[in-house]
Amino acid sequence: MVEIDPPLALASLSGESDADWATAGATYAGAAFLGGIAVDEDSRAAARKLVARDRTEFLPDDPVAFVDRELAALDGVPIQSAVNVRSATVEPIADVAGVCRDRGALLEINAHCRQDELCAVGCGETLLRDADRLRTYVESATETGVTVGVKVRAEVPGVDLPSLARALERAGASFVHVDAMDTESVIRDVVDATDLYVIANNGVRDDGTVREYVEYGADAVSVGRPSDSPAVLERVRAAVDRRFGLETRP
């Protein structure tokens with residue numbers, strides 16, 4: 001069971017979304033997705049290539065221990081913690097899942113990043129076209145007892161997100177975090193296709209964008225790139241309170 005309260009999440013930004021970032025956003029958001037964290041050798045090699053071309057990435061010596069430390073730093077912070085992980089292989093998924101379970105965090109499997117280096121090793125968006133492998137990731141994680149979800153991207157040729165979401169739900173996923181790109185109505189399609197908790201992402205900046213996603217049936221919305229901007233978060237939080245009816249709570 002997933003319940004983000006208030007229904008506003010901070011979406012992961014590679015190399016930036018750590019415990020300090022989540023703590024800073026806790027005034028506004030109900031959940032924070034740390035990461036993305038590359039957890040196996042292939043994904044870490046790809047992340048090093050990204051760093052070589054001036055992208056920011058998390059590359060601790062021990063990614064599982066790093067996740068544990070970051071989640072421990074959020075003990076007592078009033079926000080639902082979550083961790084976004086990248087992996088080209090299934091085995092490390094369960095290792096991180098166990099840490100998330102013990103720390104009360106959500107685990108989010110990354111089927112979203114589209115950098116060439118990551119896709120070349122089978123991470124990120126590549127998983128959207130390899131539903132069988134993605135299902136094994138979800139199944140492996142859920143066996144640990146953690147609450148599992150997947151971050152996905154719309155507008156990937158050949159990928160039917162509602163059908164994929166149904167398959168992930170059958171595999172044990174509890175939520176799906178949808179980067180709608182320029183197809184905001186895909187949120188309605190996924191909502192109609194499943195009983196998953198649906199987090200809508202992309203372009204969430206103001207009342208208009210929150211309203212649109214709420215009208216399409218999203219259970220929550222998430223802020224990506226400007227998640228470190230108090231001005232944006234305050235504006236979005238006010239919109240979330242208004243559009244999800246939180247202003248009428250006693």
Side-chain angles (χ1 to χ4, degrees), residues 1-13 16-36 70-84 100-101 103-108 110 112 146-152 165 173-180 184-188 190-192 194-250:
M1 177 71 178
V2 178
E3 185 63 38
I4 295 174
D5 186 17
L8 170 58
L10 310 177
S12 62
L13 301 170
E16 300 178 37
S17 298
D18 59 9
D20 289 341
W21 162 88
T23 299
T27 300
Y28 310 98
F33 288 85
L34 309 186
E70 291 297 306
L71 292 177
L74 289 173
D75 284 349
V77 177
I79 197 164
Q80 172 62 62
S81 57
V83 179
N84 176 288
C100 290
R101 175 202 61 213
R103 293 289 184 185
L106 310 177
L107 178 74
E108 179 174 80
N110 186 314
H112 170 262
V146 76
T147 300
V148 182
V150 181
K151 188 169 186 187
V152 301
S174 297
F175 68 93
V176 62
H177 191 171
V178 183
D179 182 342
E184 290 82 0
S185 62
V186 74
I187 299 299
R188 178 188 57 209
V190 173
V191 168
D192 289 347
T194 76
D195 290 322
L196 293 170
Y197 189 92
V198 178
I199 306 167
N201 170 259
N202 197 294
V204 176
R205 302 288 187 274
D206 52 25
D207 184 78
T209 50
V210 173
R211 175 183 54 78
E212 183 173 26
Y213 283 133
V214 170
E215 289 177 350
Y216 282 133
D219 296 295
V221 296
S222 73
V223 175
R225 186 58 55 188
S227 58
D228 60 354
S229 168
V232 172
L233 292 180
E234 185 172 0
R235 185 167 64 243
V236 173
R237 173 60 189 274
V240 165
D241 287 353
R242 184 179 310 113
R243 297 302 174 181
F244 282 94
L246 306 187
E247 293 178 331
T248 62
R249 286 184 179 178

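Sequential numbering from 1 along the given sequence is applied to the chain's residues.
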**Stepwise side-chain contact (heavy atoms from CB on, under 4.5 Å) test for L71 and L34** = CA-CA 9 Å; L71 292 177; L34 309 186; 4.0 Å; yes
**Prompt:** Looking only at heavy atoms, which two atoms of G224 and A11 are closest? And how far apart?
**Reply:** CA-CB, 4.0 Å
**Asked** Which atom names give the shortest non-hydrogen contact between T147 and F175, and what distance separates them?
**Response** O-CE2, 4.3 Å
**Request:** Spell out, as yes or no, whether a donor-acceptor pair under 3.5 Å connects the side chain of E70 to the backbone of A19.
**Result:** yes
**Fill in**
Between the CG atom in D241 and the CG atom in D207, the distance rounded to the nearest 0.5 Å is 11.0 Å
**Item:** Gap separating the CD1 atom of I187 from the CD atom of E215, nearest 0.5 angstrom
**Value:** 13.5 Å
**Request:** Looking only at non-hydrogen atoms, find the nearest pair between P6 and Y28 and report the distance.
**Result:** CG-O, 3.7 Å
**Test item: P7 and L246 side chains (from C-beta on) under 4.5 Å apart, heavy atoms** = yes
**Asked** Under a 4.5 Å cut-off applied to non-hydrogen side-chain atoms, are E184 and Y216 in contact?
**Response** yes
**Item:** Side-chain donor/acceptor of T194 to backbone N/O of V191, under 3.5 Å
**Value:** no
**Asked** Would you say the side-chain atoms of R235 pair up with the backbone N or O of R205, donor to acceptor, closer than 3.5 Å?
**Response** yes
**Request:** Please report the C-alpha distance between D75 and R103 in whole Å, then the side-chain angles of each, then the deciding distance to 0.1 Å, and finally whether the side-chain contact (heavy atoms from CB on, under 4.5 Å) criterion is met.
**Result:** CA-CA 8 Å; D75 284 349; R103 293 289 184 185; 3.5 Å; yes
**Message:** Can a donor-acceptor pair be found, under 3.5 Å and without considering hydrogens, that links the side chain of D206 to the backbone of T209?
**Reply:** yes
**Request:** Working to the nearest 0.5 Å, report the span between CG of L106 and SG of C100.
**Result:** 8.0 Å
**Request:** Could you walk me through whether L8 and V210 pass the side-chain contact (heavy atoms from CB on, under 4.5 Å) test, one step at a time?
**Result:** CA-CA 10 Å; L8 170 58; V210 173; over 6 Å; no
**Prompt:** For A218 and F244, which heavy atoms make the closest approach, and how far apart are they?
**Reply:** O-CE2, 3.6 Å
**Request:** State, with a plain yes or no, whether a side-chain heavy atom of F33 is found less than 4.5 Å away from one of I199.
**Result:** yes
**Item:** Salt-bridge criterion met for E212 and R243 (N-O under 4.0 Å)
**Value:** no
**Fill in**
From the list N202, N201, D179, side-chain hydrogen bond (donor to acceptor under 3.5 Å, both in side chains) partner of S222 resolves to N201
**Item:** Nearest heavy-atom neighbours spanning L196 and D219
**Value:** O-OD2, 3.7 Å
**Nearest non-hydrogen partners of A26 and I79, listed with the distance** = CA-CD1, 3.9 Å
**Message:** To the nearest 0.5 Å, what is the distance between NZ on K151 and OG on S12?
**Reply:** 5.0 Å
